[in-house]
Amino acid sequence: MLIFLALLSVFTLSFAAERHFDTYKKGDGNGHTLLVIGGVHGDEPGGFFAPSILIQHYQISNGSLWIVPNLNFDSIVRNQRGAYGDLNRKFDRLSLDDKDYVIIQDIKALILNPRVDLLLNLHDGHGFYRESWENTIFNPGAWGQTCIIDQNVLDINSPFKNLDAIARHVSTNLNKSPLEQEYHDFHVKNTETKDKDEQMQLSLTYFAVTHEKPAFAIETSKNLTKLERKVQYQLRAIEEFLKVMAIHYKRDFDLDNYEQVSQIVNELGVLTLNNQMSFHLSSLKKDIYFVPLKDAHNLAAFTHPLGSMRIDSKKQYQVSVGNQLVTTLHPQYFELETQLDSIKMVRDGEEILVQKGSTVAVRNSFKILVGASYRVNIIGFTKEGVSSESDVLVSFNEVLKRYSIDTDGYKYRVEFYRENKFSGMVIIDFTPDEND
Ligand SMILES: [Zn+2]
């Protein structure tokens, strides 16, 4: 399983963005390399959830796919276009004290890497582009459902220098795949940046094309209400570019099956905190109280590339995936004790050994067997006169539903303490078996 680490610190450098982007490299190094950059704008989720799915669900051969899913990560977690101003207007000149300075320098270096043959910059744009004015949604000033180029051709030695021809080829093929609505069809939009668009001269793709790198922007429409639909269209567009570049790909789902795409987009993965406890983020409650954390330097590891945790002004921990706030953790501070590894317990009458941090499926009842060495606290369960809930048989109808960590009321925390230090947690999952 992929694990993405983020060390949260109370000390953040005031002159730099808090989060840097990540780069994932797939493929075998043969053939061409496509660089996909997502999340230049933090409130355009089609543009960053699509690359996160490339990372998790695609295999690449006969070439390479490099993926930046979260270029403007500070803005993504805030669901803002640009927390420190528009990142896509910082590619010409930039002051050294700009908070995005390091990010801009590093993404420029990646773009200019000699291995990169072509790059895509992913956005969600307003409306639906049309060559002539129809109304405020369908018009030449709209950006949605387009393949954007800065000019028709690049004067370089590259099989991909004919931007207009490639963009037309990609759009034509996209429009052959089943569209939800006919008016979702893709168009080519040439911004003629050099002569006509001073703003776009400051952009990522213009930086690329003026440094001999073929570049395109893909814009799905902000007027599409479903994130899943934007992601589906973005992925189809990226696949068309992979085909143009003869890079082979395999994915583990059917891209034309909207149900499957929805399922994958809504898989938020697992958060592991301080290697002591893990939470499945899908179906987690909006607030989790008395979470045993350190008062600083908590280590948050996500299986989702867009996972992030930050401390808000009330010293609560906001857990997000992309621009979606998943849950708020209300901490109770403890020192950590790290000696506990595996835990003996009886599950439905059978003795088993489980790892700290794991989720344990239980049908009817369980009993923790750690003896007197640890104090056990089953959140949502109390027994008169018992300070440690080891060696106590607990069944589903004895736990209070309002203490569950999930919205369905099936998952409960079991916490272990030693000498007032927090030793770890397991989650008991009473979700009924579908075969029952
Ligand atoms: Zn954008």
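The basis for the numbers below is simple: all heavy atoms, side chains too, and nothing from hydrogens, waters or symmetry mates. For ligands, and for the atoms within them, numbers begin at 1 and follow the listed sequence.
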Next on the checklist: A side-chain contact here means heavy atoms from C-beta on lying under 4.5 Å apart; do Glu228 and Asn266 qualify?
Outcome noted: yes
Checklist entry - Counting only heavy atoms not in Glu212, do more than 12 fall under 6.0 Å of its CD? => result no
Item to check | Pairwise side chain to side chain donor-acceptor pair (under 3.5 Å) hits with a residue in residues 142-151, at least two apart | outcome: Asp150-Thr193, Asp150-Thr205
Next on the checklist: Below 2.8 Å, which protein N, O or S atoms neighbour the Zn ion (ligand 1), ignoring water?
Outcome noted: His41 ND1, Glu44 OE1, Glu44 OE2, His123 ND1
Next on the checklist: With a 6.0 Å cut-off on the ring centroids, do Tyr417 and Phe334 count as close?
Outcome noted: yes
Checklist entry - More than 12 heavy atoms of other residues, nucleotides or ligands under 6.0 Å from CD of Glu335: is that the case? => result no
Item to check | Residues, nucleotides or ligands: over 12 heavy atoms within 6.0 Å of Tyr258 OH | outcome: yes
